[in-house]
Amino acid sequence: MLEKWYLEHPVAVAAGKPEAIERSCKYIAANFTRDIGLMEMAELTNFSISHFSALFKKHTGRSLISYVNDLRIEEAKRLLLKSSFSVSEIADAVGFSTTPYFTRVFKAAVGVSPLQYRKKLSP
């Protein structure tokens, strides 16, 4: 029976991520600008909050909040370089609740503030 399952699901086995976690990552990528919490993700996958949290961290290497923030920071970096939006507009657009929190997370992830990043890398 295990062999049959393996042959029917080679991508899931090869990738090493359960389908529920793959589905979660796709959902997060499509919705990272919204407030996404553990409860919502647990309901989406039909897991308990603690089981989802542990499984997500095991297969992504990051907590849900860290994973979401990484997506937000990547989009913020793109917007900082390709738009004239203010830092507070970008913080709001990518889903951060406040500009100071965005700036703190951005600086921790990138090593410089959003404004320094823009000045340093803008043409």
Side-chain angles (χ1 to χ4, degrees):
M1 198 179 337
L2 182 59
E3 182 180 27
K4 182 181 178 202
W5 181 89
Y6 181 84
L7 293 173
E8 291 174 355
H9 301 86
V11 174
V13 173
K17 282 186 191 172
E19 181 187 339
I21 299 303
E22 286 290 339
R23 199 170 60 239
S24 297
C25 291
K26 288 178 184 174
Y27 178 84
I28 294 164
N31 295 282
F32 69 87
T33 60
R34 293 189 316 94
D35 187 26
I36 299 173
L38 281 171
M39 184 178 293
E40 178 182 359
M41 297 310 299
E43 287 174 7
L44 181 74
T45 57
N46 293 316
F47 293 143
S48 70
I49 291 171
S50 60
H51 184 66
F52 173 80
S53 182
L55 199 59
F56 190 83
K57 185 160 187 160
K58 176 182 176 184
H59 291 283
T60 65
R62 296 174 276 179
S63 69
L64 176 63
I65 290 175
S66 176
Y67 188 88
V68 171
N69 281 348
D70 286 349
L71 291 175
R72 289 174 175 169
I73 294 300
E74 287 306 310
E75 179 64 8
K77 286 166 49 177
R78 188 186 72 74
L79 289 172
L80 284 163
L81 298 179
K82 306 262 185 208
S83 77
S84 60
F85 294 133
S86 70
V87 170
S88 61
E89 288 172 322
I90 291 172
D92 187 52
V94 299
F96 282 96
S97 56
T98 67
T99 303
Y101 178 58
F102 165 65
T103 301
R104 189 169 55 249
V105 172
F106 190 95
K107 191 168 184 174
V110 181
V112 294
S113 73
L115 281 178
Q116 290 170 325
Y117 181 85
R118 177 180 266 167
K119 286 178 186 173
K120 189 164 105 175
L121 295 176
S122 287

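In terms of hydrophobic clustering, with Ile, Leu, Val, Met, Phe, Trp and Tyr side chains grouped at heavy-atom distances under 4.5 Å, Tyr117 and Leu71 are assigned to different clusters. Put simply, Ile65 and Met39 are part of two different groups of oily side chains (I, L, V, M, F, W, Y) that touch within less than 4.5 Å, one to the next.
Checked by atom type and distance alone, the side chain of Ser83 never pairs as donor or acceptor with a backbone atom of Leu80 at under 3.5 Å. Side chain of Ser53 to main chain of Ile49: no donor-acceptor pair is present (N/O by atom type, distance under 3.5 Å, no hydrogens or angles). When atom types are taken as modelled, the side chain of Thr60 and the backbone of Phe56 share a donor-acceptor pair closer than 3.5 angstrom. Between the side chain of Arg72 and the backbone N or O of Val94, at least one donor-acceptor pair lies under 3.5 Å.
For Gln116, the side-chain contact (heavy atoms from CB on, under 4.5 Å) partners at least two apart in sequence or on another chain are Val112, Ser113. The side chain to side chain donor-acceptor pair (under 3.5 Å) search around Tyr27 returns Arg34, Glu40, not counting sequence neighbours. Residues that satisfy the salt bridge (charged side-chain N to carboxylate O under 4.0 Å, His left out) test with Glu89, not counting sequence neighbours, are absent from this structure. Scanning for side-chain contact (heavy atoms from CB on, under 4.5 Å) contacts around Asp92 gives an empty result, with sequence neighbours left out. Residues satisfying the side chain to side chain donor-acceptor pair (under 3.5 Å) test with Arg23, not counting sequence neighbours, are none.
Note: Asp70 CG to Ser66 OG = 4.5 Å, rounded to the nearest 0.5 Å. The OG atom of Ser84 lies 10.5 Å from the CG atom of Leu79; values are rounded to the nearest 0.5 Å. The structure places CD1 of Ile73 at 10.5 Å from CZ of Phe32, a figure rounded to the nearest 0.5 Å.
With a 4.5 Å cut-off on side-chain heavy atoms, Ile21 and Phe52 count as touching.
Ion pairing between a basic and an acidic side chain is recognised when a charged N comes within 4.0 Å of a carboxylate O; Glu74 and Lys77 show such pairing.
Considering every non-hydrogen atom in both Ala20 and Thr45, the closest pair reads O-CG2, 3.7 Å. In this structure, Leu64 and Ile36 approach most closely via the heavy-atom pair CD2-O, 4.2 Å.
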For residues 98-108, run the donor-acceptor check on the side chains, cut-off 3.5 Å, and write out each pair with its distance to 0.1 Å, sequence neighbours left out.
from   : atom 1 : to     : atom 2 : distance (Å)
Thr98  : OG1    : Tyr101 : N      : 3.2
Tyr101 : OH     : Asn69  : ND2    : 3.4
Thr103 : OG1    : Thr99  : O      : 3.0

Verdict with reasoning, Lys120 to Leu115, per side-chain contact (heavy atoms from CB on, under 4.5 Å): CA-CA 8 Å; Lys120 189 164 105 175; Leu115 281 178; over 6 Å; no
